[in-house]
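Note on naming: letters A, B, ... go to the chains in the order of the sequence lines (proteins, then strands), and numbering restarts at 1 for each one.
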Amino acid sequence: MTAAAARPRRAAPLGGFRAVAAVVAAAAFPGALYGLPLLGVSANRLAIGEPVLAGTGFGPAILLAAALGAGASLLLGLSRRRRFAACAAGLAALGLLLLLAGLGQGAANVLASRPPAARAALALGAWLALGGTGAVLALALRRAATPVPGLAALAVLASAIAATGAAGLLDALSLAVEFRTRREGLLGALGEHLALSCGAVALAAILVVALRLFRGARGAADLLASGIQVVPAVALLGALVALFSGLLKAAPGLREAGLSALGTAPALIAVAAYLMLPLQRGLDAAWRAPDRDTLDAARGLGLSPGQIVLRVRLPVGAPALIGGLRVACVQAIGLATLGALVGAGGLGRLVFDGMAQFAPDLILLGAIPIVALSLLAEMLLSALAGSLQP
Amino acid sequence: MSATDSRKRVLAPAALGLALAVLCHPDVASAAVAFLGETPRRALPLDHLGALARNHLALAGLGLALVGIGGAGLGILATRPGATRLRPAIDTLAAFAQAVPPVVAVALALPVLSFGGPPTLLAMLLYGLMPALRGTVAALEAVPADAREAAAALGLTHLQILVKVELPLAAPGLLDTLRTALVLAVATAALGALAGAPTLGTPVVAGLQNQNLVPMIQGAAATAALAFLCEALLLAAAALAARLARS
């Protein structure tokens, strides 16, 4: 049997596979929302919740959300057309909004007859449905292949969710209760997290560019950047704290300058160390991006080396450069979480506090912004790289 | 790559790993702390450190097995003829999975799976599966189409082509993927200390909490030593595989 003969026979079952996958995904939405508990209701924020199934006072929103989720997966699975994918994205976004509102409504109804310390947390069925709708939305936006309108649609969705929250529709959910009691702390931690991540990206970028300017340091820089990737982050943080306390003992003047063994300095250096490799790769790819003819032509036009960098290398290499920056930013946002281990604050503090108290809502309150920031950085920078593609 | 080059690539991490292993000895770590100008406090005894290391390796090994089997299996499925249309979907899901850093995955799994090993394993699977899958796909796609077509012309079945042609030719790339996955598993096992799993990360976290530098250095050196030795082991395996392929 030749490869050519094999191809059509293989393509047919895959079409069938897609249809089956679409039908299974569509059935999974009502299955998760009506077969599994949507909420866990407990006496207080630390107690284990008892499961609450849909149907007991959740209103029509859940039914509609299940129908929209199922419809979006069928639309996405059964057709390859971009217009249908855009429709599926719209349905999924609407479904997500209705799902949240329905869950908030259900929580309010369930808690109405209970003491004020009682909490209603999202349970497995709700998480599966939220994750599934999110995945369908992401796949549909990808199929629609419109990065900038896609980002705009997500911004509209995010503001709609924020408006739903501001209108008080989600107030009864335990995550919203946790948010209200910790609003100040959360905003502070968010600021610290962003400062730590951005600072680390900037520090790593400066280091990478500086090491590239010294020709002799090139081999050592490559070795350092790839070797550090092997070191587990927990080990690097521990080693840096030990080194910093030794440094402060040797030069007490540094302590007066505001440096301390625990705090922002070791976290900043540790995070930056891991970012050197992606930034270096981006820079190298950008440097190699223009072909020889283009560079020869630029030289022939009489451009100086500085002008060549600014007017040829930078525009041609920009997508590769931003690709490296994207990987570095996503890693920085994740690694900055560990900064809380050495007292550098950030969203990791909420996560670790939640782990220490075994309080799921507090863990989520720290984790959701971390994941959202990573996704935002990923989407914004890949849209930017795509729009700069020559 | 020449033989001396690959020997250097194996020997450098191996030497670094052994040096770090020496540093995690209680006496050496206490001396290092004294050198840093702090008074060394209670060190972690060697047998305790050994037990933590065994636990760490077991957890990382189990995580690597899960990631390896899942990632390689899905990677092989995704490279079968006709499945190429699934690639954009896989890439989208991979970008999503990478947005959840391992420490956050450990934390999120904690309320569901309770303390210890299970949340750590789930984090390894969540964060490691997609890179392993992508690495497998890249390694299999790098196999020249000529080799596949020649094997098909000889009358080999799809399974025989996979086992006798594709997997051996993709071996260097597959070993590379395995190495990345192992280093990731060792690092994530250290994070498991935060969820209460007794690993080499435990003395680091405990040392940070009660300001005792000695176990902190011991744990950090031991974790890094383990990572470098694992890296050296798999680089050596890759060099051996390359030599076997040449002969």
**Student:** May I ask you to name which of Leu373(A), Val241(A), Leu124(A) has the most heavy-atom pairs under 4.5 Å with chain B?
**Tutor:** Val241(A)

**Student:** Tell me, side chain or backbone of Thr337(A) under 4.5 Å from chain B's heavy atoms, or both, or neither?
**Tutor:** side chain

**Student:** Hey, could you give me the CG/CG distance between Leu52(B) and Leu57(B), rounded to the nearest 0.5 Å?
**Tutor:** 11.5 Å

**Student:** Tell me, for Val230(A) versus chain B, whether the close heavy atoms (under 4.5 Å) come from the side chain, the backbone, both or neither.
**Tutor:** both

**Student:** Tell me if a side-chain donor or acceptor on Ser174(A) pairs with a main-chain N or O of Arg119(A) at a distance below 3.5 Å.
**Tutor:** no

**Student:** For Leu108(B), which atoms come within 4.5 Å of any heavy atom of chain A: side chain, backbone, both, or neither?
**Tutor:** both

**Student:** Should Leu18(B) and Phe228(B) count as side-chain neighbours, where that means a heavy-atom distance under 4.5 Å?
**Tutor:** no

**Student:** Testing the basics here: between Leu122(A) and Trp127(A), what is the closest heavy-atom pair and its distance to 0.1 Å?
**Tutor:** O-NE1, 3.3 Å

**Student:** Taking Glu178(A)'s backbone N and O only, do any of them form a donor-acceptor pair with Asp361(A)'s side chain (distance below 3.5 Å, no angle check)?
**Tutor:** no

**Student:** From Leu175(A) CG over to Leu362(A) CG, what is the distance, rounded to the nearest 0.5 angstrom?
**Tutor:** 10.0 Å

**Student:** For chain B, which candidate among Val330(A), Val351(A), Leu341(A) shows the most heavy-atom pairs at distances under 4.5 Å?
**Tutor:** Leu341(A)

**Student:** About how many Å separate CD1 of Ile370(A) and CD1 of Ile333(A), when rounded to the nearest 0.5 Å?
**Tutor:** 9.5 Å

**Student:** What residue, out of Val104(B), Leu110(B), Val100(B), has the most heavy-atom pairs lying under 4.5 Å from chain A?
**Tutor:** Leu110(B)

**Student:** Between Ala107(B), Ala187(B), Ala224(B), which shows the greatest number of heavy-atom pairs under 4.5 Å with chain A?
**Tutor:** Ala107(B)

**Student:** Which atoms of Gln229(A) are under 4.5 Å from chain B, going by heavy atoms: the side chain, the backbone, both sets, or neither?
**Tutor:** backbone

**Student:** Is Gln209(B) close to chain A through its backbone or its side chain, or both, or neither, when contacts mean heavy atoms under 4.5 Å?
**Tutor:** neither

